Amino acid sequence: MENKNSVVYQIYVKSFCDSNGDGIGDLNGIRSKLPYIKSLGVDYIWVTPFYPSPMFDNGYDVADYCAVNPMFGTMADCEAMIAEADALGMGFMFDMVFNHTSWNHEWFKKALTGDPEYMDYYIFRDGVNGGPPLDWTASFGTPAWEYVPALDKWYLHLFDKSQPDLNWENPKVREALKNVIRFWKGKGVKGFRFDVLNLISKPARLEDCGPGSGTSYCKDGHRIHEFIREMVTETGIENMITVGEMASTTLENCVKYSHPESRELAMCFNFHHLKVDYKNGDKWALMEPDLARLRQLFQEWQETMSQRGGWCAVFWCNHDQPRVVSRFGDEGAYWKQSAKMLGTFIHLLRGTPYIYQGEELGMTNAHYTSIEQYNDVESVNYYKILLERGVSEADALEVLRQRSRDNARTPMQWSAKPGVGFTDGKPWLESPDNYQSINVEAEEQDPDSILNYYRKLAKLRKDYPVIADGGIRFLDAGNGKVFAYERSLGGQRLTVVCNFSGDAETVALDSDLSAGRVLISNGGENLLDRLASSRLTLNPFEAFAILT
Ligand code: GLC
Ligand code: CA
């Protein structure tokens with residue numbers, strides 16, 4: 001990975017900024033906010049899909065990979081957006097949804113007419129005993145096979161039925177997708193994010209698979225490394241910033257996906273750390289976060305990737321995850337401290353940090369009280385499934401309040417104005433009431449705001465090479481709720497200490513730290529004096545980084 005000191009900002013286009021008052025974010029809205037993004041110290045902007053789409057999954061169901069959905073703007077707007085970011089020294093990463101298309105894609109439409117050439121772009125099978133070929137479930141809670149009566153065949157969809165999976169075994173499919181990359185590269189795009197990439201290589205003999213979750217049979221499939229390498233090397237994006245979204249992957253595979261010698265990707269997203277509050281692995285069953293597990297996962301992934309030459313994307317938030325301050329922090333008295341602590345922890349790790357729009361403000365979950373307020377296909381499906389399982393309406397709503405993807409998708413809070421400064425019209429999704437105080441305008445005025453703290457974190461990465469280039473080792477602070485790690489480069493050491501608890505916690509740390517320099521701290525007073533004693537009491541959610 002080149003440019004290890006880069007910082008990436010993620011935009012969910014539908015919710016970022018609306019330029020024409022229709023209540024939906026758009027490309028011209030993004031253009032108007034490029035100076036703001038630049039002010040954060042960001043190098044790359046990943047923007048979620050804005051291509052033509054029936055929007056069953058908000059654009060992750062792509063009907064045409066090389067065009068712009070009129071709802072979001074025009075190709076001319078897109079070109080201007082790329083050029084304007086370039087002039088500010090930032091590059092765009094576009095989102096490539098290559099595991100599946102929309103059922104509105106022309107390839108799928110042709111497949112549905114029975115054209116054998118296009119049927120082979122997808123995964124069609126005969127049924128078994130009048131039912132689907134396999135008893136698989138899709139990620140959004142439905143069966144994974146859909147019957148097409150006119151063809152008397154079933155097609156595979158690991159997500160919504162409007163998202164048929166592509167057949168990567170077909171070289172024509174691979175070539176067509178490479179052309180998409182070439183197209184956007186030609187437009188000046190500087191990098192790519194690949195949606196659920198480790199699901200593209202399906203089992204060699206599907207008919208031998210058992211029942212269960214479809215994705216669990218398809219993750220990190222037998223031809224995955226070959227497919228990725230071919231796609232990357234043949235489109236000349238090997239030295240660009242690329243990131244693969246890797247569902248339920250292994251550390252072993254992520255080393256390989258991101259190791260320069262593999263010629264695959266610059267880095268991967270993995271999600272193990274965002275399942276530590278899933279009861280028995282079930283996203284729809286609530287549990288307090290298991291902090292010991294969280295720490296152990298970070299230690300294992302960070303240290304192994306470092307020792308073995310892999311590279312991670314490091315992040316808490318994206319458009320599929322609840323807001324981190326609501327999840328591992330505190331929305332109440334320690335809102336500011338906890339948001340800063342969580343930012344400190346992620347930004348000083350080894351890897352490329354991703355900031356999801358609004359994370360830099362400490363935006364919270366949506367706080368919806370009625371199912372009508374939700375939009376997301378997964379949330380709407382699971383609400384029904386929970387009720388069918390016998391969960392009460394109140395409990396099902398509580399699960400959604402904590403787990404729904406709409407928590408991340410409420411409009412970016414620009415100001416306290418109606419429409420949260422996001423739109424002059426009616427926003428497509430409701431905001432939590434706290435936009436009155438949690439917004440860009442308010443946080444710009446406050447030197448001590450979460451927003452200004454995130455700016456400091458991004459700058460530290462540029463100023464201190466130990467953050468981008470150093471090795472990493474987790475430390476035992478003698479307290480399971482306090483996560484500490486040490487970055488090192490040459491003779492320099494950066495010690496990062498984060499209290500994940502809402503209580504004061506006592507730790508034992510190396511007392512040499514009191515002779516160091518505080519690079520950043522979220523407010524604990526007299527830190528160096530306190531460090532001089534062998535046992536240090538940390539404030540709730542306290543975080544700091546010390547250079548020695
Ligand atoms: C990824 C996207 C998510 C989408 C899914 C199917 O997980 O991040 O938003 O629903 O893939 O494309
Ligand atoms: Ca709009």
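Reckoned from all heavy atoms, side chains included, excluding hydrogens, waters and symmetry mates. For ligands, and for the atoms within them, numbers begin at 1 and follow the listed sequence. Predicted model, so just to flag it, every value in this text is computed and none were measured.
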Query raised in the report: Out of Tyr121, Tyr122, Tyr118, Trp103, which residue meets the ring-ring contact (aromatic ring centres under 6.0 Å, His included) rule with Phe108?
Result: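 Of Tyr121, Tyr122, Tyr118, Trp103, ring-ring contact (aromatic ring centres under 6.0 Å, His included) with Phe108 is met by Tyr122 alone.
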Query - Which residue and heavy atom of the protein sit nearest atom 9 (O) of ligand 1, plus the separation - result: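 Looking at atom 9 (O) of ligand 1, the protein heavy atom closest to it is Asp320 OD1, 2.7 Å.
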Query raised in the report: Where is the nearest protein heavy atom to atom 7 (O) of ligand 1: which residue, which atom, and how far?
Result: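 Here the nearest protein heavy atom works out to Glu245 OE2, 2.9 Å.
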Are the charged groups of [X] and [Y] less than 4.0 angstrom apart, N to O?
X: Asp57; Y: Arg405; answer: yes
X: Glu398; Y: Arg401; answer: yes
X: Lys417; Y: Asp424; answer: no
X: Lys172; Y: Asp120; answer: no

Which atoms of ligand 1 are found less than 4.0 Å from any heavy atom of [X]?
X: Arg405; answer: 3 (C), 4 (C), 9 (O), 10 (O)
X: Phe140; answer: 10 (O)
X: Val196; answer: 1 (C), 7 (O), 11 (O)
X: Asp57; answer: 4 (C), 5 (C), 6 (C), 10 (O), 12 (O)
X: Phe159; answer: 5 (C), 6 (C)
X: Arg193; answer: 8 (O)
X: His100; answer: 6 (C), 12 (O)

Report task. Would you check, one step at a time, whether the test salt bridge (charged side-chain N to carboxylate O under 4.0 Å, His left out) holds for Glu226 with Arg223? Result -> CA-CA 5 Å; Glu226 173 199 341; Arg223 295 185 72 187; 2.7 Å; yes
Query - Cut-off under 3.0 Å, centre the Ca ion (ligand 2), protein N/O/S atoms - result: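 Under 3.0 Å from the Ca ion (ligand 2) - ignoring waters, which are not counted - the protein N, O or S atoms are Asp18 OD1, Asn20 OD1, Asp22 OD1, Ile24 O, Asp26 OD2.
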Query raised in the report: Are Tyr60 and Asp95 linked by a side-chain donor-acceptor pair shorter than 3.5 Å?
Result: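 Tyr60 vs Asp95: donor-acceptor pair found between side chains.
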Report task. Tell me, please: is Arg409 in heavy-atom contact with ligand 1, that is, under 4.0 Å? Result ->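 So Arg409 counts as touching ligand 1.
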Requested in this report: State, yes or no, whether a side-chain contact exists between Tyr356 and Phe315 at a heavy-atom distance under 4.5 Å.
Outcome: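 Heavy-atom side-chain distance check fails, nothing below 4.5 Å.
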Query raised in the report: With distance as the sole test, does Asn167 use its side chain to make a donor-acceptor pair with the main-chain N or O of Ile123 at under 3.5 Å?
Result: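 Not at all, since once roles are kept as given, no pair shorter than 3.5 Å links the two residues.
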Query raised in the report: Strictly under 6.0 Å, is that where the ring centroids of Phe328 and Trp316 end up?
Result: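 Under 6.0 Å, so yes.
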Query raised in the report: If hydrogens are left out, which of Asp195, Asn318, Thr48, Val62 has an atom nearest to atom 11 (O) of ligand 1, that is, the closest non-hydrogen atom?
Result: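 Looking at heavy atoms only, the winner is Asp195.
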Query raised in the report: Mind checking what makes side chain to side chain contact (heavy atoms under 4.5 Å, CB included) contact with Ser102, not counting sequence neighbours?
Result: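 Ser102: side chain to side chain contact (heavy atoms under 4.5 Å, CB included) contacts with Pro54, Asp61, Ala63, Asn104.
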